[in-house]
Amino acid sequence: MKGKKIIIAIDGYSSTGKSSFARKIAQKSSYIYVDTGAMYRAVTLYCIENNLVNDCGLNVDKIIENLKKINIEFIFNSTCEKSETFLNGKNVENKIRNVEVSNYVSAISAIPEVRAQMVALQQAMGKNKGIVMDGRDIGTVVFPDAEIKIFMTAKPEIRAIRRYTELLQNGENVTLQEIEKNIRERDYIDTHRETSPLKKADDAIILDNSNISIDEQMQWFDKIFQSVIKKQ
Ligand code: DC
């Protein structure tokens with residue numbers, strides 16, 4: 001993949017394989033990959049560890065007050081050849097994927113001040129282009145002028161099985177039913193929140209990967225990439 005560098009925005013529902021797809025595209029093109037879900041997850045982990053959330057809900061005022069104390073970075077790990085999420089200098093890559101974080105992340109990412117801080121950071125990361133970013137609002141809010149926008153979807157029951165398998169591999173003790181419930185709840189919150197709800201950008205191309213492999217998705221993407229890059 002040569003030529004002028006572009007921005008590739010990948011949005012879509014939870015557990016549609018956005019990260020694996022985006023990471024592969026980035027590897028192939030030597031672009032930077034940014035997992036924006038990891039950023040919202042890191043903010044959520046900070047809130048859990050600092051008692052800013054509990055079963056009764058969120059302490060929104062305190063969360064906003066604490067935002068200036070939250071520093072998120074991605075650092076490349078050459079052993080596993082992927083970048084990992086750091087929260088205030090600590091590697092939190094595994095911790096941010098646990099069920100407790102998943103249960104609170106949609107509510108925390110709905111806070112407008114949290115979004116404003118993350119969006120500013122994401123825009124700074126993409127200022128030189130050559131970036132693949134995945135999330136929920138990348139093609140609509142973060143980079144509305146991205147040269148390629150993809151909107152990923154898949155059936156909820158298929159997404160639940162994928163997520164369940166991943167969590168079991170990480171040693172989590174969960175049931176398929178609770179994972180599917182969490183996915184459906186997150187879909188609802190993500191698409192109904194007031195600030196930057198998850199929605200397809202008008203010029204995004206839909207990718208439904210319920211029944212297609214990652215290799216097939218890459219072949220599909222390559223054709224799009226080649227035709228866009230030719231026009232640059
Ligand atoms: O992609 P993920 O499942 O790791 O994302 C975790 C949560 O973060 C998801 O429920 C919605 C939120 N999110 C968001 O609101 N905006 C983004 N750009 C990325 C994620």
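Order of appearance sets the numbers: ligands from 1, and atoms from 1 within every ligand. If you're wondering where the values come from, they're calculated on a predicted model, not measured in any experiment.
When hydrogens are left out, the protein atom nearest atom 19 (C) of ligand 1 is T36 OG1, 3.3 Å; that is the closest non-hydrogen contact. Summary of contacts: the protein heavy atom closest to atom 16 (N) of ligand 1 is R115 NH2, 2.9 Å. The protein atom (non-hydrogen) at minimum distance from atom 2 (P) of ligand 1 is R136 NH2, 3.6 Å. Atom 3 (O) of ligand 1 has its closest protein heavy atom at R186 NH1, 2.9 Å. With respect to atom 4 (O) of ligand 1, the closest heavy atom belonging to the protein is R41 NE, 2.7 Å.
Of the candidates D35, V105, T140, it is V105 that places a heavy atom closest to atom 7 (C) of ligand 1. Of the listed options P197, S15, G135, S106, S106 places a heavy atom closest to atom 10 (O) of ligand 1. Distances from atom 12 (C) of ligand 1 to the heavy atoms of A9, S109, G37 show the closest one on S109.
In the hydrophobic clustering of ILVMFWY residues, with side-chain heavy atoms under 4.5 Å counting as a link, I48 and V99 come out apart. The cluster map of Ile, Leu, Val, Met, Phe, Trp and Tyr, joined by side-chain heavy atoms under 4.5 Å apart, puts Y40 and Y33 in different clusters. Linking ILVMFWY residues whenever their side-chain heavy atoms come closer than 4.5 Å, directly or via other members, leaves F151 and L207 in distinct clusters.
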| request: Start with the C-alpha distance between R184 and E157, add both sets of side-chain angles, then the distance that settles salt bridge (charged side-chain N to carboxylate O under 4.0 Å, His left out), and finish with yes or no. | output: CA-CA 9 Å; R184 289 183 189 273; E157 52 277 23; 3.7 Å; yes
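The shell of residues lying under 4.0 angstrom from ligand 1, judged by heavy atoms, excludes M118. Distances from ligand 1 to the non-hydrogen atoms of Q122 include no value under 4.0 Å.
In this structure, Y31 and F225 have perpendicular ring planes: the angle between them is above 60°, well past the 30° mark.
No side-chain donor from either of D215 and S213 sits under 3.5 Å from a side-chain acceptor of the other. Side chains of R136 and S14: a donor on one and an acceptor on the other come within 3.5 Å. Checked by atom type, the side-chain pair R97/S102 shows no donor-acceptor distance below 3.5 Å.
Ligand 1 places these atoms under 4.0 Å from at least one heavy atom of D190: 9 (C), 10 (O), 11 (C).
The shortest N/O to N/O separation between D134 and ligand 1 does not fall below 3.5 Å. Among the atoms of R193, some N or O lies under 3.5 angstrom from an N or O of ligand 1.
Scanning both residues, D35 and F74, for their nearest heavy atoms gives O-CZ, 3.5 Å.
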